[in-house]
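See below for the structure under consideration.
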Number of protein chains: 2
Amino acid sequence: MAVIYSQFHSLESEKQERIINASLKEFARNGYDKASTNEIIKQAGISKGSLFNYFNNKKELYLFLLDYVEKVIKKIYAEVDWNEPDFFTRIRQLGLVKFKIYKKFPHAFNFLKAVSHEDAADVKPAISKLKQDLIASGLEKGYQNIDWSKFREDIDREKMINIINWTMLSFAEQHMNELDSIEDVGREILSESDEYFDILKQCFYKKGEQ
Amino acid sequence: MAVIYSQFHSLESEKQERIINASLKEFARNGYDKASTNEIIKQAGISKGSLFNYFNNKKELYLFLLDYVEKVIKKIYAEVDWNEPDFFTRIRQLGLVKFKIYKKFPHAFNFLKAVSHEDAADVKPAISKLKQDLIASGLEKGYQNIDWSKFREDIDREKMINIINWTMLSFAEQHMNELDSIEDVGREILSESDEYFDILKQCFYKKGEQ
DNA sequence: AATCTTATTGACCAGAGTGGTCATTCTTAT
DNA sequence: ATAAGAATGACCACTCTGGTCAATAAGATT
């Protein structure tokens, strides 16, 4: 398993990233079947022959991406401090890590979203396995160690969490487009998202708490 | 303009709907260029010849859909009482109307979403026109006549509105899939969405108000 | 400089799918 | 029985598909 894709891995990392991003983009947009290898090589700036040297065929390329993205996700989760007891601080942390990933692999999340809707017979088994692996590897620690005592008790907790998550996800989605412009724009967005956090704290924290 | 598509319009309405839905679905999924007329006729259960009898070519079909969807939207907005002063009541109303549309044309909203990202040269001008028409026809009355006096004044109003909208949209999206199962499921979903409204009211209304 | 090894290329392939046509068949009403 | 209209799907030229491989280029070794 380790020596596989060795050709690809001995490429300059910049070229690797170009190929990965082009592939993620094309598969995310069009799904496995309709994704075009011709489009991928055009976007990546390599030749047809090269792509099929690195990966023997389309399926292998896709499986490689699945594997790669799984590793990326695991790395994200490894970077988060799961002992942080404050819910908002933790969500914020998670958001920041995801943001870092997004800058390097802008299409990784869209690719994952597409993967979950994929139903090409060629790759479906591998996708099921990925899902199982992700769940098994304990990514569902989700809200472990969170200190809920700060929160109002007269509001259904699950719905509360949903509202917070939906707000942050929608906010993120809305600003995903505009952030490739300036590098520094990250700061503005971050502070705006903090304002949303403040509002939600006002809503859901008990009176006394911050 | 009125007699155009007369062939299509003299079909049984059930057949018309089958064709419309199949087309909306295919264009929503794949965009103008990659949408397959073969797939459309397969989904609609008609022959190739028929489709190209009703609409001379792919472009005409697409333009017809644009026009059709525009009318549907305008009808939605015509059904809403824009004098209802309570923000939540009005959003709820709008949601209900959209829900009705969704049951009849499940892919209409996805189609519209896809339209706004479309960039096939063939249809881009028509899309620009649609956008202008929709804006021009005063659909931006949005929050007209809303009574804001019930709301807290220590929270940024725009952000507040965003949180409410994002919550309802995310909630809707999450439940879109499961509602073709039972017909009666609509009631459950509706009452659950009302619970979210109640929470948001607790958050954003002034203390005294309901 | 010459030779050998490895990486990269793109013209090329058979097959599938494309939007669109139209002679033929099927329905329906007289 | 007949005429008119509606519906069909085999067919067309064309594009694009995933994948191959002889030819070339680049690097390494002597």
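Labels below follow one simple rule: chain letters A, B, ... track the order of the sequence lines, proteins then strands, and each chain is numbered from 1.
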**OP:** Look at the side-chain N and O atoms of A:S47 and state whether any lies under 4.0 Å from the OP1 or OP2 oxygen of C:dG10.
**Re:** no
Original post:
When the distance from NZ of B:K15 to P of C:dT27 is rounded to whole Å, what number comes out?
Top reply: 12 Å
**OP:** Could you check B:G49 against A:K59 and say which one's nearest nucleotide on DNA chain D is further toward the 5' end?
**Re:** B:G49
Original post:
Picking from D:dT8, D:dG18, C:dA7, which would you name as closest to the side chain of B:N53?
Top reply: D:dT8
Original post:
A:S36 has a side chain; which of C:dT9, D:dG19, D:dT17 sits nearest to it?
Top reply: D:dT17
Original post:
For C:dA7, does either OP1 or OP2 sit under 4.0 Å from a side-chain N or O belonging to A:Y54?
Top reply: no
Original post:
Is it true that A:Y54 and A:F64 have ring centroids separated by less than 6.0 Å?
Top reply: no
Subject >> Between P of D:dG9 and NZ of B:K48, the distance in whole Å >> reply: 12 Å
Original post:
Does the ring center of B:F111 lie less than 6.0 Å from the ring center of B:F105?
Top reply: no
Original post:
Looking at B:N38, does any N or O in its side chain come under 4.0 Å of the phosphate oxygens OP1/OP2 on C:dG17?
Top reply: no
**OP:** Provide, to the nearest angstrom, the distance between the NZ atom belonging to B:K34 and the C1' atom belonging to C:dG17.
**Re:** 13 Å
Subject >> Pair A:F55 + A:Y62: ring centers closer than 6.0 Å >> reply: no
**OP:** In whole angstrom, give the distance that lies between atom CZ of B:F55 and atom C1' of C:dT21.
**Re:** 18 Å
Subject >> Proximity to the side chain of A:K58 - top-ranked nucleotide from D:dG18, C:dG19, C:dA7 >> reply: D:dG18
**OP:** Side chain of A:S50 only, please: which of D:dG19, C:dT8, C:dG20 is the nearest?
**Re:** C:dT8
**OP:** Grab the CG-C1' distance between A:N30 and D:dG18 for me, whole Å please.
**Re:** 15 Å
**OP:** Please report the shortest heavy-atom distance between B:D33 and B:K58, naming the atom on each side.
**Re:** O-NZ, 2.9 Å
Original post:
Taking atom P of D:dT20 as reference, at what distance in whole Å does atom CG of A:L51 sit?
Top reply: 12 Å
**OP:** Return yes if some donor-acceptor pair links the side-chain N/O of A:E118 with the main-chain N/O of A:A120 below 3.5 Å, else return no.
**Re:** yes
**OP:** To the nearest Å, give me how far apart CD (A:E12) and P (C:dT6) are.
**Re:** 19 Å
Subject >> Length of the line joining A:F8:CZ and C:dA7:P, which is rounded to integer Å >> reply: 14 Å
